[in-house]
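Letters go in sequence order (proteins before strands), and every chain restarts at 1.
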Amino acid sequence: MERLNRTFFERAPETVAKELLGHILVRKTKEGVIKGTIIETEAYGDINDLASHARFGITPRNKIMHELPGILYVYLNYGIFNLTNIICEKTGKAGAVLLRSAEIIEGLEIASSHLKSSKHVKANEFLATGPGKLSIAFGIDRAFNGLDIVSSDQISIEIPKNTTGEFDIIEKPRIGIDYADKSKDLPWRFYIDGNQYISKK
DNA sequence: ACATGGATTCGCT
DNA sequence: GCGAATCCATGTT
C-alpha cells in the first residue's frame, strides 16, 4: 500500500478531515500490526475557530498546531484520555484533524489487549469507536506528540487498494464543544453514512 | 499561586 | 439523562 504524503495534509483541516475517511490507519507495534479504516473525523481550525485549542493564539500546548503538516498532536483530555490529531495547513497556520473513530481490520487481538489493560474503557466489539478509545486501541499516547505520520515507521496512513469502496459522507456539528459560541454549529464533523462504528448518533 | 473546566466514557437512575 | 473519574493547560489574582 501507498502511504499519504506531506502534500495531502498541507490543506484546510475540513478538506483533510473529509478526505481521510476510508483511508487506513496503520500502527506497527512490538506485538504486531494494527490496521483500521478511518470512519469518523473532526476538523479544528485556527484562532478564529472558538472550539479549537488554537483559539488562544500560540501557547506552549498548541504551538505544534502551527507547525509541520502531517505531524501528530496528542493531548490529555479530561485528565483521562489521550486524543489523536494530525496537523494540517501550511506551517505557520493552525489546523488539525481529530481522529474520532476507526473500524479495526487487522490486529484485533492486540487492540483488544490494549483496551483490557486500560482502566476507563470497556473492551467490547467497538474497539476504536470514539477518540479516547481509538488512541488506546492503537497504542497512541502523548509520547507520540510531534511524531511525523508521513515518515514514521511506527504509524502511517495508507491509501486503500480497493477504490471501489464508495460511500456517502455525513457532515454535522462537532461533538462536545457547546462552549464554542458562534463556532459550535460549523459542520466540521465527518463520518461515513450508515457505518456502525460511529462514536455517537 | 489559585481556580476553572474540558475535542470522553461508562454506569447508574 | 446525569454524574464521576482525574489532571493539567490556561486565565486570573
Can you identify which nucleotide, out of C:dT6, B:dT8, B:dC10, has its nearest atom closest to the A:Ile175 side chain? B:dT8

Between atom OH in A:Tyr78 and atom P in B:dT4, what is the gap in whole Å? 17 Å

Using a cut-off of 4.0 Å on non-hydrogen atoms, how would the nucleic acid contact of A:Phe56 be classed: base, sugar-phosphate, or nothing? sugar-phosphate

Length of the CD1-C1' vector between A:Ile58 and C:dA9, whole Å: 16 Å

Taking CG from A:Asp178 and P from B:dG5, how many angstroms apart are they, rounded to a whole number? 14 Å

Measure from the side-chain heavy atoms of A:Arg100 and tell me the nearest of B:dA7, B:dC10, C:dA5. B:dA7

Would you indicate, yes or no, if C:dA9 has its OP1 or OP2 atom less than 4.0 angstrom from a side-chain nitrogen or oxygen of A:Thr59? no

For the side chain to side chain contact (heavy atoms under 4.5 Å, CB included) test, which of A:Leu98, A:Val97, A:Asn62 pairs with A:Tyr44? A:Leu98

A:Ile104, A:Thr37, A:Ile157 screened by side chain to side chain contact (heavy atoms under 4.5 Å, CB included) with A:Leu25, the one that passes: A:Ile157

A:Glu67 vs A:Thr91, side-chain hydrogen bond (donor to acceptor under 3.5 Å, both in side chains): CA-CA, chis, key distance, verdict: CA-CA 5 Å; A:Glu67 295 177 2; A:Thr91 300; over 6 Å; no

Rounded interatomic separation in angstrom, taking CD1 from A:Ile86 and C1' from B:dA7: 15 Å

Using a 4.0 Å heavy-atom cut-off, does A:Arg61 contact any base of the nucleic acid, only the sugar-phosphate backbone, or nothing at all? sugar-phosphate

When rounded to whole Å, the CG to P distance for the pair A:Leu83 and C:dC7 reads 16 Å

Step by step, would you call A:Thr29 with A:Glu31 a side-chain hydrogen bond (donor to acceptor under 3.5 Å, both in side chains)? CA-CA 5 Å; A:Thr29 72; A:Glu31 299 84 29; 3.2 Å; yes

Does A:Tyr75 have A:Arg142 sitting over its ring (NZ/CZ under 6.0 Å from centre, angle to axis within 45°)? no

For a quick test of reading the model: is some side-chain N or O of A:Lys119 closer than 4.0 Å to OP1 or OP2 of B:dC10? no

Contiguous Watson-Crick or G-U pair runs (3 or more, under 3.5 Å) in DNA chain B: B:1-6 with C:7-12, B:8-12 with C:1-5

Looking at C:dA5, B:dA7, B:dT8, which one has an atom nearest to any side-chain atom of A:Ile80? C:dA5

Whole Å only: how far is the OH atom of A:Tyr75 from the P atom of B:dG5? 17 Å

Taking the cut-offs as 6.0 angstrom to the six-membered ring centre and 45 degrees off its axis, would you call A:Arg11 and A:Phe8 a cation-pi pair? yes

Identified side chain to side chain contact (heavy atoms under 4.5 Å, CB included) counterpart of A:Tyr197 within the set A:Leu134, A:Leu127, A:Thr129, A:Ile38: A:Thr129

Take the protein atom CG of A:Asp181 and the nucleotide atom P of B:dG6, then report the distance between them rounded to whole Å. 13 Å

For B:dA7, does OP1 or OP2 lie under 4.0 Å from any side-chain N or O of A:Lys184? no

Could you tell me how far B:dC2 sits from C:dT6 if I compare only their P atoms? Round to whole Å. 23 Å

Ignoring hydrogens, what is the shortest heavy-atom contact between A:Glu89 and A:Gly95? Give both atom names and the distance. CG-CA, 4.3 Å

A:Lys172 atom NZ is separated from B:dA7 atom P, nearest whole Å, by 22 Å

Looking for any heavy atom pair under 4.0 Å, which part of the strands does A:Arg189 touch: base, sugar-phosphate only, or nothing? nothing

Across the strands shown, which category fits A:Leu76 at heavy-atom distances under 4.0 angstrom: base, sugar-phosphate, nothing? sugar-phosphate

Closest to the A:Asn77 side chain: B:dA7, B:dC10, C:dC8? B:dA7

Whether A:His120 contacts B:dC10 is assessed here as follows: a side-chain N or O lying under 4.0 Å from the phosphate OP1 or OP2. Is that the case? no

